[in-house]
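FYI, the numbering just counts along the sequence from 1.
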Amino acid sequence: MNLLIVEDEIRFLQNLLHMPWEEHDIEVVGSANNGAEALAQIQMKQPDIILMDIQMPEMDGLSLASQVARAYSNTKIIILSGHDNFSYAQTAVELGVYKYLLKPAAEMDILQAVTDAARCIQAELMERTRQLMMQEQWTQYLPVLHQHTIRNLAYGRYQIEELKASCVSLGLHIDMESRYAVIVLDVDEYVCSSNEDGMTLDNLVHVIRDILPTPDFYVCTEEDKTIIVIGNTGALEHTPQQMLGIHVAMEKLIRNIKQCLGIDVSAGISGGTGKIDELLPLYIQAKKALQNRVVYGTGIAIPYDEPLQAEVTNRPNYEHEDKQLEMALESLDQELAMRMISDMCEAAKNNSASYEIMMEQLMYIVGVLTLFIRKRGWSVQDVTGADFDFLSNVQSLTTPEHMYDVLHRAVRSIISYAESHDRKVTHTTVQAIIELLEAEQDQEFTLHTIADRFYVNASYLSRLFKQEIGMSFTSYVLERKMERARTALMNGARVYDAAAMIGYRDVSYFTKIFRKYWGVTPSSVKK
């Protein structure tokens with residue numbers, strides 16, 4: 001800490017200057033004989049602590065302390081006074097003087113007062129730093145708290161008084177008397193997948209906030225990547241006309257996002273308006289309206305319509321289409337299978353289908369495909385690959401384009417899988433054994449270990465395997481291992497690695513078996 005000493009008595013000033021300040025991490029940056037000289041030194045050197053007399057020529061200590069308190073509020077002042085005058089001490093306290101010592105003060109008392117002042121300055125600095133850091137963190141986190149509040153508004157989690165208190169603490173200005181509509185926006189996944197601009201959800205939210213007028217609209221994100229918008233209709237009572245402005249704003253927003261960012265966004269709009277603490281039913285309506293993009297297509301604002309009770313006669317009948325789809329798969333007719341899927345989807349869509357009916361239709365088609373796969377003892381996940389997650393959760397297919405794309409890919413995967421597998425194998429146990437052997441060729445399997453693993457007796461499994469494959473279990477295992485080893489050697493693998501790859505730990509034994517099977521040694525194949 002830096003110290004300035006102000007004292008008009010030369011001998012006392014010299015004594016103060018020669019005190020052991022360095023031992024207490026105090027650096028004396030200057031001295032002065034009067035108040036005016038001291039003020040010039042303070043302006044130039046800005047000391048942390050000032051040790052000064054109260055009676056000085058040109059400017060007394062209290063006047064100097066008053067000016068320092070106004071200009072340098074963090075500077076600590078310690079007064080050394082030869083006058084035991086209560087009014088002086090009272091004035092010093094009012095000016096914020098840190099310590100008031102009476103002459104002749106002991107050297108230890110003076111050192112103690114200055115070091116105490118230094119510690120006080122350090123503690124105050126640390127506290128100010130902590131508060132500034134907290135303020136900065138609060139400022140950074142405030143947008144997150146705003147989004148949290150808006151999200152909870154849509155979820156109906158606030159009572160009006162609780163909301164008012166929250167808005168005051170967060171500096172969020174919401175008109176409690178107006179009526180609001182709720183909109184749920186979502187990037188149409190099928191279109192967005194081809195976007196290469198690196199547009200993130202946060203970027204999109206910033207763009208939406210920039211386009212929509214503030215404070216008429218409040219925007220936040222959800223965990224499922226959709227975006228909630230709460231729009232002020234500017235009305236105190238609900239009228240059909242007040243929604244028109246919301247619809248116009250959403251259509252303009254969707255159009256601008258398409259033009260500026262090159263991505264399609266769909267919006268579901270609530271069927272009406274409500275007070276700020278009555279938004280949950282409107283949010284549910286907006287979510288249901290957005291679901292209907294699977295019926296109406298993407299890139300539009302869809303209003304919520306109260307669903308009518310569906311008539312049984314309105315539901316499409318797939319009595320023959322499913323059989324035709326299965327026959328197309330059986331005959332490996334990819335074009336026919338895809339056409340059947342498109343026809344079944346369009347039949348539902350053209351029959352005034354709701355979102356629920358479209359989902360039923362989609363599950364029906366997925367069921368036909370799944371049944372076809374399982375009847376052959378295949379794994380649905382193995383056959384469909386990356387599309388398995390979509391097929392097991394059809395609600396994730398939010399657009400017609402995405403729905404058709406996934407179903408068509410599933411058909412291609414099924415036919416490709418069927419063409420690459422021996423269609424003579426129809427027994428699920430044999431198929432499972434073959435898949436196991438392919439996946440774990442580095443293991444040593446015998447007929448008995450496989451029988452134990454699949455909980456059947458070995459003699460039955462031997463006959464079943466030969467009936468399905470046309471060769472014994474042992475011959476099949478040897479054939480697959482030798483073919484894999486030969487391929488690995490021809491691709492440059494070392495003999496030791498090729499042996500380990502198919503479960504042979506003894507290279508000499510592997511060489512013997514390989515030569516017996518192929519008529520040549522492994523090393524000659526490698527060359």
inquiry  = Could you tell me if the side chain of V411 sits less than 4.5 Å from the side chain of I415, heavy atoms only?
reply    = yes
(message) Just so I know, are the side chains of D497 and V495 near enough to count as touching, which here means a heavy-atom distance under 4.5 Å?
(response) no
- Message: A side-chain contact here means heavy atoms from C-beta on lying under 4.5 Å apart; do Y158 and L153 qualify?
- Response: yes
Would you say that more than 12 heavy atoms from the other residues, nucleotides or ligands in this model lie under 6.0 Å from the OH of Y496, or not?
no
Result for ring-ring contact (aromatic ring centres under 6.0 Å, His included) between F465 and one of F445, F454, Y476 points to Y476
message = Once you measure the plane-to-plane angle for F514 and F510, does it fall in the parallel (<30°), tilted (30-60°) or perpendicular (>60°) bin?
response = tilted
Checklist entry - Mind checking whether L461 and L447 have side chains closer than 4.5 Å, heavy atoms only? => result yes
Item to check | Validation row: M176, C167 side chains within 4.5 angstrom (heavy atoms) | outcome: yes
From the list R293, K258, R255, salt bridge (charged side-chain N to carboxylate O under 4.0 Å, His left out) with D264 holds only for K258
Exercise for the section: Determine, using ring centers only, whether F390 and H402 are less than 6.0 Å apart. Expected result: yes
Looking at T384 and D387, would you say the former's side chain and the latter's main chain have a donor-acceptor pair under 3.5 Å?
no
In this structure, are over 12 heavy atoms from other groups packed under 6.0 Å from Q159 atom CD?
no
Worksheet item: Run the side-chain hydrogen bond (donor to acceptor under 3.5 Å, both in side chains) check on T474 and S472 step by step: do they pass?
Response: CA-CA 5 Å; T474 304; S472 69; 5.0 Å; no
Looking only at atom types and distance, does a side-chain atom of T449 sit under 3.5 Å from a main-chain N or O of T446, one as donor and one as acceptor? yes
Checking S166 side chain against E162 main chain: does a donor-acceptor pair fall under 3.5 Å?
no
Next on the checklist: Any non-hydrogen side-chain atom of Y455 less than 4.5 Å from a side-chain atom of T429?
Outcome noted: no
Does R151 reach the main-chain N or O of T221 with its side chain, forming a donor-acceptor pair under 3.5 Å? yes
request  = Examine distances only and state if a side-chain atom of R209 and a backbone atom of V219 form a donor-acceptor pair shorter than 3.5 Å.
outcome  = yes
Can you tell me how the ring of Y509 sits relative to the ring of Y504, calling it parallel under 30°, perpendicular over 60° and tilted otherwise?
tilted
All N/O donor-acceptor pairs, side-chain side in residues 275-284, below 3.5 Å, sequence neighbours left out:
from: E278; atom 1: OE1; to: K275; atom 2: N; distance (Å): 3.2
from: Y283; atom 1: OH; to: E222; atom 2: OE1; distance (Å): 2.5
from: Y283; atom 1: OH; to: E222; atom 2: OE2; distance (Å): 3.3

Item to complete: For the pair N152 and H148, evaluate side-chain hydrogen bond (donor to acceptor under 3.5 Å, both in side chains) and give the outcome as yes or no after the intermediate values.
Response: CA-CA 6 Å; N152 282 338; H148 180 73; 3.0 Å; yes
**Report entry** Side-chain heavy-atom pair H247, I269 within 4.5 angstrom cut-off
**Finding:** yes
Can you tell me if N491 uses its side chain to pair, donor with acceptor, with the backbone of T487 under 3.5 Å? yes
Margin query: Between K225 and D186, does the salt bridge (Lys or Arg N to Asp or Glu O under 4.0 Å) criterion hold? Intermediate values first, please.
Written below: CA-CA 7 Å; K225 310 299 183 186; D186 191 21; over 6 Å; no
